[in-house]
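Working notes, beginning with the structure itself.
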Amino acid sequence: MIYNPKSLKAEEFINDEEINETLKYVDENKNNLELIDKILEKAKLKKGLNHREASVLLACENKEKIDEMYNLAEQIKKDFYGNRIVMFAPLYLSNYCVNGCLYCPYHLKNKNIPRKKLTQEEVKKEVIALQNMGHKRLAIEAGEDPVNNPIEYILDCIKTIYSIKHKNGAIRRVNVNIAATTVENYKKLKDAGIGTYILFQETYHKKSYEYLHPTGPKHNYDYHTEAMDRAMDAGIDDVGIGVLFGLEKYRYEFAGLLMHAEHFEAVHGVGPHTISVPRVKKADDINPSDFDDSLSDEMFCKIVACIRIAVPYTGMIISTRENQEIREKVIRLGISQISGGSRTSVGGYAEEERPHDTEQFDVSDDRTLDEVVNWLMSLGYIPSFCTACYREGRTGDRFMSLCKSGQIQNCCHPNALMTLKEFLMDYATSNTKKIGEELIEKEINNIGKDEVKKIVRERLQKIEKGERDFRF
Ligand code: SAM
């Protein structure tokens with residue numbers, strides 16, 4: 001197998017030999033300060049790095065250079081994402097699953113965990129609970145089970161979710177995280193109006209992948225790795241990738257992840273819309289220490305910073321798998337989207353108490369959405385409930401070219417302020433509202449164009465009077 005980012009064969013675009021050669025090159029050069037300076041100079045152009053260059057930075061042990069890297073990651077984050085953080089919540093539809101993933105409690109052989117699949121009535125209850133918190137953007141999650149969770153079930157759920165308008169609430173963007181499927185099914189998801197299609201690679205290392213997925217359709221490494229190409233062929237512009245850190249050596253995964261992004265650019269002319277950085281967590285019959293490639297918090301932060309530098313235009317997501325302290329650190333270094341108030345159990349939002357029996361993994365940040373919003377604002381960020389881009393057709397390469405030219409800021413910043421205002425009016429506690437109003441007032445002044453400033457002020461007043469859903 002020869003490395004070829006343009007190939008449509010998994011083992012050619014995620015090429016084991018190329019990754020191993022990269023790791024060898026990295027070992028030889030991790031303290032080569034001349035090379036590191038050169039790479040940092042290139043990185044400062046903010047046009048990204050390739051997998052080899054970024055892998056050298058990740059391995060670099062020089063404290064001064066690492067600080068330089070962190071500062072650069074922070075600067076790139078500010079330049080492309082400002083101080084906005086997009087908010088979302090996962091919605092677990094079903095934990096039926098026919099796969100045998102060794103790290104996931106939903107695996108077929110787990111008989112401890114009660115199996116549950118939401119009915120459309122229950123989906124409605126979950127969505128109302130999520131709307132009542134203030135969420136506008138969801139990521140739906142389901143195990144892989146062609147009998148219990150066929151594509152028609154997922155499509156029904158999407159339809160139900162978009163149809164519910166409770167009080168001033170609405171879910172305006174549904175991202176989908178379901179198992180690899182066919183072009184035909186991806187077309188159906190596209191027609192259902194999904195936002196991003198998310199699929200984690202789990203591990204790019206083929207042998208480990210096959211060991212970790214011993215049974216079920218997910219065992220097929222090539223089918224899984226080539227899934228995003230099928231999704232894009234089906235017309236889904238925005239795809240989200242990630243690895244489950246802890247399963248394999250992080251340097252291998254890091255190189256694989258960036259090679260995957262390079263492959264998208266080479267074949268589809270546009271990189272991934274988002275990259276997620278989950279780490280293996282404790283769950284029902286899962287003990288993370290069984291996976292001996294777990295990452296220190298320090299290295300985790302360095303990975304986030306190096307991804308930020310390598311792919312400046314790609315959104316980065318962190319979930320409630322991480323605690324408040326880690327979230328605070330990585331938001332600064334590159335994360336642009338976070339979940340809040342999450343429940344990882346099927347039917348968990350409609351329940352008063354946090355239920356654990358059907359959870360996919362333990363949540364490390366169990367604050368309410370209001371608390372998370374309040375916290376973000378106290379750190380100087382603008383929590384954004386914006387979903388405008390894909391509703392305005394700003395997806396795929398259109399989104400990326402606006403992002404690359406910096407123009408996206410002209411929409412995102414005002415949209416963030418207007419959607420935050422909606423949250424403050426409809427869902428916030430009085431203290432959050434007070435902090436939020438002050439923040440909006442301050443941030444209006446950072447809108448570059450006077451004309452836009454004027455429109456935003458008018459719209460904020462209209463939101464006060466009860467109108468909703470303005471966007472640029
Ligand atoms: N079943 C779908 C698939 O096959 O891709 C995706 C849905 S699954 C609910 C979402 C993700 O949760 C998985 O891709 C995996 O990376 C992650 N996950 C599974 N077990 C986990 C654990 N113990 N800790 C943290 N994340 C986990």
Side-chain angles (χ1 to χ4, degrees), residues 88-108 110 112-113 115-118 138-146 148-151 153-154 157 175-181 185-186 189 196-204 208-209 212-213 215-221 223-228 230-231 239-248 253 257 274-291 293-295 300 317-323 326 339 342-346 348 356 358-365:
F88 80 100
L91 170 57
Y92 282 75
L93 300 176
S94 167
N95 64 1
Y96 282 94
C97 193
V98 297
N99 286 315
C101 316
L102 299 188
Y103 49 83
C104 179
Y106 291 176
H107 67 87
L108 184 65
N110 187 354
N112 303 330
I113 196 164
R115 299 290 167 168
K116 194 167 166 171
K117 165 185 168 182
L118 298 180
L138 300 183
I140 56 173
E141 313 270 344
E144 178 166 18
D145 185 328
N148 286 298
N149 319 330
I151 193 73
Y153 170 70
I154 304 291
C157 292
N175 296 335
V176 175
N177 183 4
I178 60 165
T181 185
N185 285 347
Y186 285 128
L189 288 172
T196 312
Y197 171 65
I198 302 162
L199 182 69
F200 299 156
Q201 178 64 29
E202 320 299 6
T203 174
Y204 283 98
S208 297
Y209 182 96
L212 290 159
H213 306 95
T215 53
K218 196 165 172 177
H219 178 72
N220 188 333
Y221 175 87
Y223 189 74
H224 187 83
T225 310
E226 292 160 9
M228 291 309 200
R230 293 194 296 281
V239 297
I241 58 176
V243 286
L244 187 53
F245 283 104
L247 301 179
E248 242 302 331
E253 304 293 30
L257 190 66
T274 55
I275 291 182
S276 300
V277 285
R279 284 197 281 186
V280 182
K281 291 281 306 180
K282 191 179 167 318
D284 182 65
D285 67 343
I286 307 297
N287 182 354
S289 61
D290 291 346
F291 305 95
D293 288 305
S294 63
L295 268 183
F300 184 65
I317 302 180
I318 194 107
S319 72
T320 55
R321 288 177 183 87
E322 301 299 334
N323 63 28
I326 297 289
S339 49
S342 303
R343 300 219 164 159
T344 65
S345 48
V346 181
H356 293 290
T358 62
E359 266 183 350
Q360 195 195 16
F361 54 81
D362 284 359
V363 163
S364 298
D365 182 349

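By convention here, the first residue in the shown sequence is residue 1. Keep in mind the model is a prediction, meaning the values are calculated, not measured. In listed order, ligands and their atoms are each counted from 1.
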Which is closest to atom 21 (C) of ligand 1 by heavy-atom distance: Y106, F291, F245, Y103?
Y103
Roughly how far, to the nearest 0.5 Å, is the OG atom of S276 from the CZ atom of R321?
8.0 Å
R343 side chain to E359 main-chain N or O, any donor-acceptor pair under 3.5 Å?
no
Any idea which atoms of ligand 1 are less than 4.0 Å away from a heavy-atom of K218?
3 (C), 4 (O), 5 (O)
Would you say T320's side chain and V363's backbone share a donor-acceptor pair under 3.5 angstrom?
no
Please state which part of N99 comes within less than 4.0 Å of ligand 1, counting heavy atoms only: side chain, backbone, both or neither.
neither
Tell me, which protein residue and heavy-atom name are nearest atom 6 (C) of ligand 1, and how many Å apart are they?
N177 OD1, 3.4 Å
Here the pair of heavy atoms bringing V243 nearest to L257 is N-CD1, 4.3 Å
Less than 3.5 Å between some nitrogen or oxygen of K281 and one of ligand 1, yes or no?
yes
With atoms numbered from 1 as shown, which atoms in ligand 1 lie under 4.0 angstrom from a non-hydrogen atom of C104?
19 (C), 20 (N)
Side-chain donor/acceptor of Y223 to backbone N/O of T181, under 3.5 Å
yes
H213 and Y103: aromatic ring centres closer than 6.0 Å?
yes
Could you tell me the residue and atom name of the protein heavy atom closest to atom 14 (O) of ligand 1, and the distance to it rounded to 0.1 Å?
E202 OE2, 2.6 Å
Between D285, N99, D284, which is the residue that forms a side chain to side chain donor-acceptor pair (under 3.5 Å) with H107?
D285
Do H224 side-chain atoms and F200 backbone N/O form a donor-acceptor pair below 3.5 Å?
yes
Check whether any N or O atom of R321, backbone or side chain, sits under 3.5 Å from an N or O atom of ligand 1, and answer yes or no.
yes
Heavy-atom closest pair, residues L295 and F245:
CD1-CB, 3.8 Å
Test side-chain hydrogen bond (donor to acceptor under 3.5 Å, both in side chains) on N149 and S94; report intermediate values, then the result.
CA-CA 7 Å; N149 319 330; S94 167; 2.7 Å; yes
Would you mind listing which atoms of ligand 1 come within a distance below 4.0 Å of any non-hydrogen atom of V280?
24 (N), 25 (C)
Taking a cutoff of less than 4.0 Å between a non-hydrogen atom of the residue and any ligand atom, is K282 in contact with ligand 1?
no
Looking only at heavy atoms, is any part of P278 under 4.0 Å from ligand 1, and if so is it the side chain, the backbone, or both, or is it neither?
neither
Is A142 in contact with ligand 1, taking contact as a heavy-atom separation below 4.0 Å?
yes
Backbone, side chain, both or neither: what part of L244 comes under 4.0 angstrom of ligand 1, heavy atoms only?
side chain
Name the closest protein heavy atom to atom 5 (O) of ligand 1, giving the residue it belongs to and the distance to 0.1 Å.
L199 CD1, 3.3 Å
shortest atom 8 (S) of ligand 1-to-protein heavy-atom contact is with Q360 NE2, 3.4 Å
